[in-house]
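The analysis underlying the following values was restricted to heavy atoms, covering all of them including side chains, and did not include hydrogens, waters or symmetry mates. Below, read A as the first sequence line, B as the second, and so on, with proteins coming before strands; counting in each chain starts at 1.
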There are 2 protein chains.
Amino acid sequence: MDERQALSSFAALSQERRLAIVRALVVAGPEGLAAGVIAERMGVSATNVSFHLKELERSRLISQRRESRSIIYSASYEALADLVKFLMEDCCAGHPIIRKNVEERGGLLCPG
Amino acid sequence: MDERQALSSFAALSQERRLAIVRALVVAGPEGLAAGVIAERMGVSATNVSFHLKELERSRLISQRRESRSIIYSASYEALADLVKFLMEDCCAGHPIIRKNVEERGGLLCPG
DNA sequence: TCAATTATTCAAGGATTGTTGAAACATGGA
DNA sequence: TCCATGTTTCAACAATCCTTGAATAATTGA
């Protein structure tokens, strides 16, 4: 993941509603959720959700597919994983202290 | 790390100049860098760097200390580690697929 | 083809964020 | 005390982002 992509991803996640959308889509899994379902769950207008979905898509954190009349969105696990990796390696310079901190704080990083 | 903190951190990292500052401070280590040094390195005005440093501090990604006439900034490894952890666990719901993706992409996450 | 459903695009306005130069503040040395 | 150095604060303006309702587009079933 290059810097431009990372900046865009951070911007996408820095908005409360968008973060909530990403969380919902991660939980929903590969099947995803229709735009309308997301709007209803969050008690937000279709217009507003659409705006944020477009923003998330622009950063590639989510993707869409059409299914009949609905447009289904789902989280991109690849992009999320890349962002974690960017944060650990590129941003944090692969700094051992940060890795150590993550581990000490019980991060789910190392299965062993 | 609570959501408010995470949102603030993502916002802080979503700005090109601020991301560059964090990177420089991570590399600089605990000794940190004076505000003036950062400004000079990046070819930016003191005013502008000060603005971004304040923003980063507000999100707790960096901290400052005075040393004679200089104000020295340094990265908070704890905050960065917490953010990685948030991204993996809270945002990504501890999703095994994301962990797997990070590992497959050669993330520096597991020493073994 | 017409109507209903699902969702996006557009335009306008408000809110927030980023940039700039001038002024102010804090520290240390002459 | 006075000046130089290092940095922040302030005020103004530009740019970007968010929200809203109205209009538009795509799909399906009658």
Side-chain angles (χ1 to χ4, degrees), chain A residues 3-25 28 31-76, chain B residues 3-25 28 31-76:
Chain A
E3 177 174 318
R4 185 170 303 272
Q5 182 82 31
L7 285 168
S8 167
S9 300
F10 286 136
L13 294 178
S14 72
Q15 215 278 344
E16 194 169 0
R17 208 153 285 165
R18 286 197 295 262
L19 183 58
I21 292 174
V22 169
R23 286 172 130 161
L25 291 180
E31 289 177 25
L33 294 172
V37 172
I38 299 172
E40 197 187 10
R41 276 201 196 177
M42 316 209 158
V44 178
S45 73
T47 295
N48 187 263
V49 154
S50 192
F51 169 82
H52 289 304
L53 286 170
K54 198 171 72 173
E55 206 62 19
L56 284 167
E57 223 191 347
R58 231 167 42 84
S59 75
R60 310 203 192 190
L61 288 172
I62 69 174
S63 62
Q64 63 161 217
R65 65 180 194 275
R66 180 175 277 280
E67 212 158 88
S68 176
R69 267 182 289 218
S70 295
I71 296 189
I72 311 283
Y73 287 89
S74 46
S76 165
Chain B
E3 177 175 318
R4 185 170 302 272
Q5 182 82 31
L7 286 167
S8 168
S9 301
F10 287 137
L13 293 177
S14 72
Q15 215 277 346
E16 194 169 1
R17 204 105 74 197
R18 286 197 294 262
L19 182 58
I21 292 174
V22 169
R23 285 171 132 160
L25 290 180
E31 288 176 26
L33 294 173
V37 172
I38 299 172
E40 196 188 11
R41 277 202 195 174
M42 315 208 160
V44 178
S45 73
T47 294
N48 187 263
V49 154
S50 191
F51 169 81
H52 288 305
L53 286 170
K54 198 170 73 173
E55 206 62 18
L56 285 167
E57 224 193 344
R58 230 166 45 83
S59 76
R60 312 206 191 186
L61 288 171
I62 69 175
S63 61
Q64 65 161 217
R65 65 180 193 275
R66 180 175 277 279
E67 212 159 88
S68 176
R69 266 181 291 219
S70 295
I71 296 189
I72 312 285
Y73 287 88
S74 46
S76 164

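- Atom P of nucleotide D:dC17 and atom CZ of A:Arg17 are separated by 17 Å, given to the nearest angstrom.
- Side chain of B:Ser50, nearest nucleotide from C:dG28, D:dT9, D:dC18: D:dT9.
- Counting to the nearest Å, the C1' atom of D:dC17 and the CZ atom of B:Phe10 are 19 Å from each other.
- Residue A:Ala34 is classed as a sugar-phosphate contact, given heavy-atom separations below 4.0 Å to backbone atoms only.
- In this entry the distance linking CD1 of B:Ile72 with C1' of C:dT27 reads 13 Å, nearest Å.
- Inter-residue side-chain proximity for B:Met42 and B:Ile21 is flagged as met; some heavy-atom pair is nearer than 4.5 Å.
- Regarding contacts with the backbone of D:dG21, every side-chain N or O of A:Ser45 stays at 4.0 angstrom or more from both OP1 and OP2.
- Put simply, the side chain of A:Ser50 never gets that close to the backbone of A:Ala46: no donor and acceptor are under 3.5 Å apart.
- Checked against C:dA26, C:dT9, D:dT7, the side chain of B:Ala46 finds its nearest nucleotide in D:dT7.
- Side-chain contact between B:Leu25 and B:Ile38 is present, with heavy atoms from C-beta onward closer than 4.5 Å.
- Using a 4.0 Å heavy-atom distance criterion, B:Thr47 is classed as a base contact.
- Atoms CZ (B:Phe51) and P (D:dA14) sit 17 Å apart, rounded to a whole Å.
- Nearest-nucleotide positions on DNA chain C place A:Arg69 closer to the 5' end than the other of A:Leu53 and A:Arg69.
- A:Gln15 comes within contact range of the sugar-phosphate backbone alone, with a heavy-atom separation under 4.0 Å but no base atom that close.
- For A:Tyr73, a side-chain nitrogen or oxygen approaches OP1 or OP2 of C:dT8 to under 4.0 Å.
- In this structure, CG of A:Asn48 is placed 14 Å from P of C:dT9, rounded to the nearest angstrom.
- Residue A:Arg18 has its side chain nearest to D:dC18 when only D:dT7, D:dC18, C:dA7 are considered.
- Within the structure, every side-chain polar atom (N or O) of B:His52 is placed at least 4.0 Å from both OP1 and OP2 of C:dT17.
- Put simply, CG on B:Leu7 is 15 Å from C1' on D:dC18, counting in whole angstrom units.
- When heavy atoms are screened at a 4.0 angstrom cut-off, A:Ala35 is found touching the sugar-phosphate backbone but no base atom.
- In this structure, CD of B:Glu40 is placed 14 Å from C1' of D:dT5, rounded to the nearest angstrom.
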Only distances under 3.5 Å count here; give the side-chain donor-acceptor pairs of residues 67-74 of chain B to other protein atoms, sequence neighbours excluded, each with its distance to 0.1 Å.
residue, atom, partner, partner atom, Å
B:Glu67, OE2, B:Arg65, NE, 3.1
B:Glu67, OE2, B:Arg65, NH2, 3.4
B:Tyr73, OH, B:Gln64, NE2, 2.9

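- Note that CG of A:Leu56 and NE2 of A:His52 are 8.5 Å apart. Values are rounded to the nearest 0.5 Å.
- For the pair B:Arg58 CZ and D:dT8 C1', the interatomic distance rounds to 16 Å; values are reported in whole Å.
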